[in-house]
Amino acid sequence: MIEFINFYLIPGITLGSIYALGAVGVSMIFGILRFAHFAHGDLMTVGAYGALSAVWVLGVSPWLAMPFAIGFAVIAALCCDRMFYKPLRDLPTIYTVIASFGVALILRSLIQVLWGTESQVYSSGFQKPLVYFDTIRIASRHVQIISATIVITVALHLFLTYSRAGRCMRAVADDASLARVAGIDTDNIIRWTWVIGAALAAVAGVFVGLDTDVHTNLGWNMLLPMFAAALLGGIGKPLGAITGGLIIGVVEECVSYPFFGESLLSPSYKSAVAFVIMIALLLFRPQGLFRGRLL
Amino acid sequence: MKLTVLASAVLAIALGSASAYSDEVKVGALMGITGPLANFIPPILNAARLAEKDVNDGGGILGGEKFTLVVVDGQAAAQPSVDAASKLVNLENVAAIMGGLSSGATIASANAVSIPNGVLQVSPTSTSPAMTDMEDNDFLFRIVPSDNYQGQVLAKMVLEEQLSKVAVAYVNNDYGVGIAGTFKAAYESMGGTVTAFEKHEDKKNSYRGELATMASSGAEALVVIAYAGGSGAKIVKQSLENGFFDRFVGTDGLRDDLLIEQIGAEALATTFFSAPTSPDDNPVGEIFHTRFDEEFGEGSDKPFVDQSYDATMLIALAIEKAGTTDRSKVRDALREVANAPGEEVGPGDWKKAVALLADGKDINYEGVSGSHEFDNNGDVAGFIGKFVVDGDSYKQIAIFK
């Protein structure tokens with residue numbers, strides 16, 4: 001049992017935290033701008049490399065480099081919106097979806113040109129995990145990632161519930177035309193969406209780098225589970241996306257635990273779990289756990 | 001308006017380059033520039049570039065035409081490699097393809113593109129046993145020995161290190177499945193015990209679950225058959241952190257400088273690796289390595305540099321021998337320039353080789369990484385080295401033929 005907690009559950013929650021932070025942006029952009037943003041994974045990558053530059057140049061820890069990560073990703077997101085998505089906003093959303101594929105390739109190629117294609121780490125070597133009560137072993141970076149995600153979730157909840165911008169965002173996600181009639185400045189809301197979505201993606205990207213390594217396909221590889229998490233939580237529901245991300249991360253890690261002596265599923269099928277959850281959900285509960293918008 | 005100007009500029013560049021490049025012989029280089037093999041690529045690509053330069057400095061190919069490598073990125077994965085190879089064959093109209101690197105990339109691109117289109121493909125690095133028996137109409141070659149052989153040598157190395165019980169973690173692709181299978185069979189037939197044999201998917205963030213299960217199987221060491229940049233380095237790191245294993249055995253995919261960068265040399269002091277290598281008493285090898293380092297500053301000792309040069313050079317010689325870029329004639333010429341008999345030519349002997357071919361003589365290319373005598377399956381015999389960590393890179397401590 002203790003093995004289950006140490007080597008399946010805690011890594012699962014860590015992975016889930018990363019999916020969760022990425023999925024918030026996917027869900028909000030889907031809810032407010034009405035399109036599936038396929039470049040979101042690459043915004044994560046931009047964030048991870050932003051932090052890497054700060055680590056290299058200033059020699060600070062990746063945690064102190066976080067503002068640089070967020071800055072890089074937010075600027076990238078706002079520029080992409082201005083240059084590629086805004087001109088397409090009045091056309092059917094499929095144009096923007098396809099454009100976001102292109103943006104994903106542009107971002108990744110720029111990263112490859114600027115930082116190279118080799119994978120990098122924030123710091124080399126390895127650390128022994130912390131041991132609690134002689135049984136629970138948890139890597140200190142996992143403690144940090146999980147607690148940071150909790151703090152961010154609470155902050156996000158407070159922002160969406162009590163700030164004016166947050167309330168407007170929820171209104172636009174629920175019904176854009178009604179919100180516009182009510183006098184909400186949608187352009188401003190769109191900017192807020194990009195800032196929050198990109199900032200959280202950047203944080204998630206740095207977390208991936210902290211947990212494993214930084215490479216140019218880092219975000220792209222996580223895109224599918226992030227979409228599954230956003231759908232699971234309900235489109236346009238940021239807290240739903242966080243719940244969805246945690247569920248997918250935990251399930252993905254835990255399915256290979258030998259519950260009944262045998263592995264439930266060979267570890268080589270881990271990646272399929274997000275697919276299966278996504279398909280089952282679209283069939284049986286298309287509005288997601290938190291009653292998001294229907295696609 | 002701005003857009004129109006930009007578009008016409010792009011068009012002008014495209015047309016301009018098209019006309020400037022009409023008198024050249026193009027060969028594709030299918031590389032995994034991004035993805036799990038990214039760290040291996042710069043020296044491998046430099047080696048291919050050096051072969052390209054040798055041909056052009058030696059007077060060009062097919063009576064003075066320019067020999068050009070067209071480099072594409074297959075991400076060391078199946079589907080992107082198929083796309084990249086089909087770009088080479090259908091758009092760039094290459095005479096032959098050098099690559100891919102990972103077995104999965106090579107097998108997929110050969111099956112979907114090279115074989116149906118009748119294009120010669122020579123891989124410098126793909127070791128999967130599955131390539132031997134492919135129905136390839138003789139279009140697929142490689143210049144490293146099959147993992148049928150590396151698996152046996154690895155089993156021998158592991159037993160020589162007094163390890164009689166090991167667990168095997170292998171990546172679920174053509175490379176991992178191939179060598180893991182041959183290693184297991186050879187190791188067990190020599191008296192070793194495989195306590196756990198677990199396949200895993202590339203690109204995941206945590207392998208702790210699988211590793212915990214394997215650690216409880218009573219193995220003395222973990223055999224990691226994976227690319228360091230894909231899952232290998234994470235597996236080693238997570239094993240060390242959690243105390244699952246402290247001793248590792250790796251194959252060529254793990255022998256990446258990246259592993260030492262990420263883990264540190266101290267923790268890898270007892271780890272050893274098997275990998276295809278070049279013969280150790282080859283005088284042309286030393287000359288080649290000096291030339292390489294003069295040209296690029298460093299990197300001649302990196303994995304698969306020799307093989308990449310040889311594969312590119314063999315393709316160039318085959319085109320010269322065929323006297324045309326006709327793809328099946330190039331394929332037919334490859335064995336003639338690579339295999340004995342014939343006058344021996346080596347790396348950097350391009351002028352001599354061209355002169356011999358012009359006189360109608362038979363040539364036999366003896367490369368940096370071996371003599372490359374292709375059998376009926378397009379395979380070669382070769383050498384496997386045993387490597388250990390030395391500072392921030394690797395050194396070879398034994399060689400098996």
Side-chain angles (χ1 to χ4, degrees), chain A residues 2-4 6-15 18-19 87 108-109 111-112 116-129 131 137-142 207-208 210-213 215-218 220-222 249 252-258 263 266-272, chain B residues 3 31-42 73 75 77 169-173 176-177 198-216 228-231 233-234 236-244 256-267 392:
Chain A
I2 199 67
E3 232 181 35
F4 174 75
N6 284 344
F7 306 130
Y8 293 84
L9 191 61
I10 292 174
I13 297 175
T14 310
L15 183 67
I18 293 166
Y19 288 160
R108 210 172 323 150
S109 306
I111 291 166
Q112 284 161 3
T117 53
E118 288 99 342
S119 66
Q120 314 278 357
V121 279
Y122 291 129
S123 59
S124 74
F126 59 93
Q127 290 173 322
K128 291 279 174 198
V131 180
R137 301 162 65 93
I138 176 167
S140 52
R141 59 179 192 275
H142 290 176
F207 285 175
V208 176
L210 273 173
D211 190 25
T212 56
D213 55 351
H215 56 97
T216 52
N217 286 331
L218 166 155
W220 180 249
N221 291 345
M222 308 208 115
E252 211 175 270
E253 285 303 321
C254 294
V255 281
S256 57
Y257 182 71
S263 275
S266 157
S268 57
Y269 293 110
K270 269 187 194 175
S271 317
Chain B
L3 207 63
M31 298 275 142
I33 296 169
T34 59
L37 296 184
N39 283 44
F40 284 107
I41 297 297
D73 179 21
Q75 301 173 21
Y170 63 102
V171 60
N172 187 17
N173 62 26
V177 172
E198 197 76 70
K199 177 159 73 173
H200 65 261
E201 206 57 39
D202 227 341
K203 297 176 190 163
K204 303 266 64 160
N205 284 351
S206 170
Y207 296 97
R208 296 175 187 85
E210 296 96 302
L211 290 168
T213 316
M214 283 193 272
S216 58
S231 54
K234 287 176 223 167
V236 172
K237 187 172 179 179
Q238 290 168 12
S239 297
L240 288 166
E241 280 176 344
N242 294 294
F244 295 141
D256 186 340
D257 291 352
L258 172 107
L259 182 75
I260 309 176
E261 257 166 57
Q262 297 200 358
I263 310 291
E266 270 167 49
D392 58 0

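Remember, predicted model here, so these are calculated numbers, not experimental data. In what follows, chains are A, B, ... by sequence order, proteins preceding strands, each numbered from 1.
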*Identify which part of B/Phe244 has an atom lying under 4.5 Å from any heavy atom of chain A, answering side chain, backbone, both or neither.*
side chain
*Heavy-atom pair count under 4.5 Å with chain A, highest-scoring of B/Lys237, B/Lys204, B/Glu261*: B/Lys204
_Residue selection (most heavy-atom pairs with chain B, distance under 4.5 Å) from A/Gln120, A/Glu252, A/Arg137, A/Arg108_ = A/Arg137
*Relative to chain A, which segment of B/Pro36 carries a heavy atom at a distance below 4.5 Å: side chain, backbone, both, or neither?*
neither
*Which distance, rounded to the nearest 0.5 Å, do you find between the CD of A/Glu118 and the CZ of B/Phe40?*
11.5 Å
*So which of B/Leu240, B/Ile260, B/Asp202 has the biggest tally of heavy-atom pairs under 4.5 Å with chain A?*
B/Leu240
*Pairs of heavy atoms under 4.5 Å with chain B: top-ranked of A/Asp213, A/Asp211, A/Leu15*: A/Asp213
_Shorter than 4.5 Å, heavy atoms on both sides: which option in B/His200, B/Lys203, B/Gln238 has the most such pairs with chain A?_
B/Lys203
*A/Gly116, A/Ala139, A/Gly12, A/Ser119: which one forms the most heavy-atom pairs within less than 4.5 Å of chain B?*
A/Ser119
_Residue selection (most heavy-atom pairs with chain A, distance under 4.5 Å) from B/Ile33, B/Asn242, B/Asn172_ = B/Asn242
*Roughly how far apart are A/Phe207 CZ and B/Asn205 CG, rounded to 0.5 Å?*
13.0 Å
*Using non-hydrogen atoms only, which part of B/Lys234 is less than 4.5 Å away from chain A: side chain, backbone, both, or neither?*
side chain
*Select one option (side chain, backbone, both, neither) describing which atoms of B/Ile263 are under 4.5 Å from chain A's heavy atoms.*
both
*Can you name the nearest heavy-atom pair linking B/Gly209 to A/Tyr8, along with the distance?*
O-OH, 2.9 Å
_Proximal component of A/Thr216, with respect to chain B [non-hydrogen, under 4.5 Å]_ = side chain
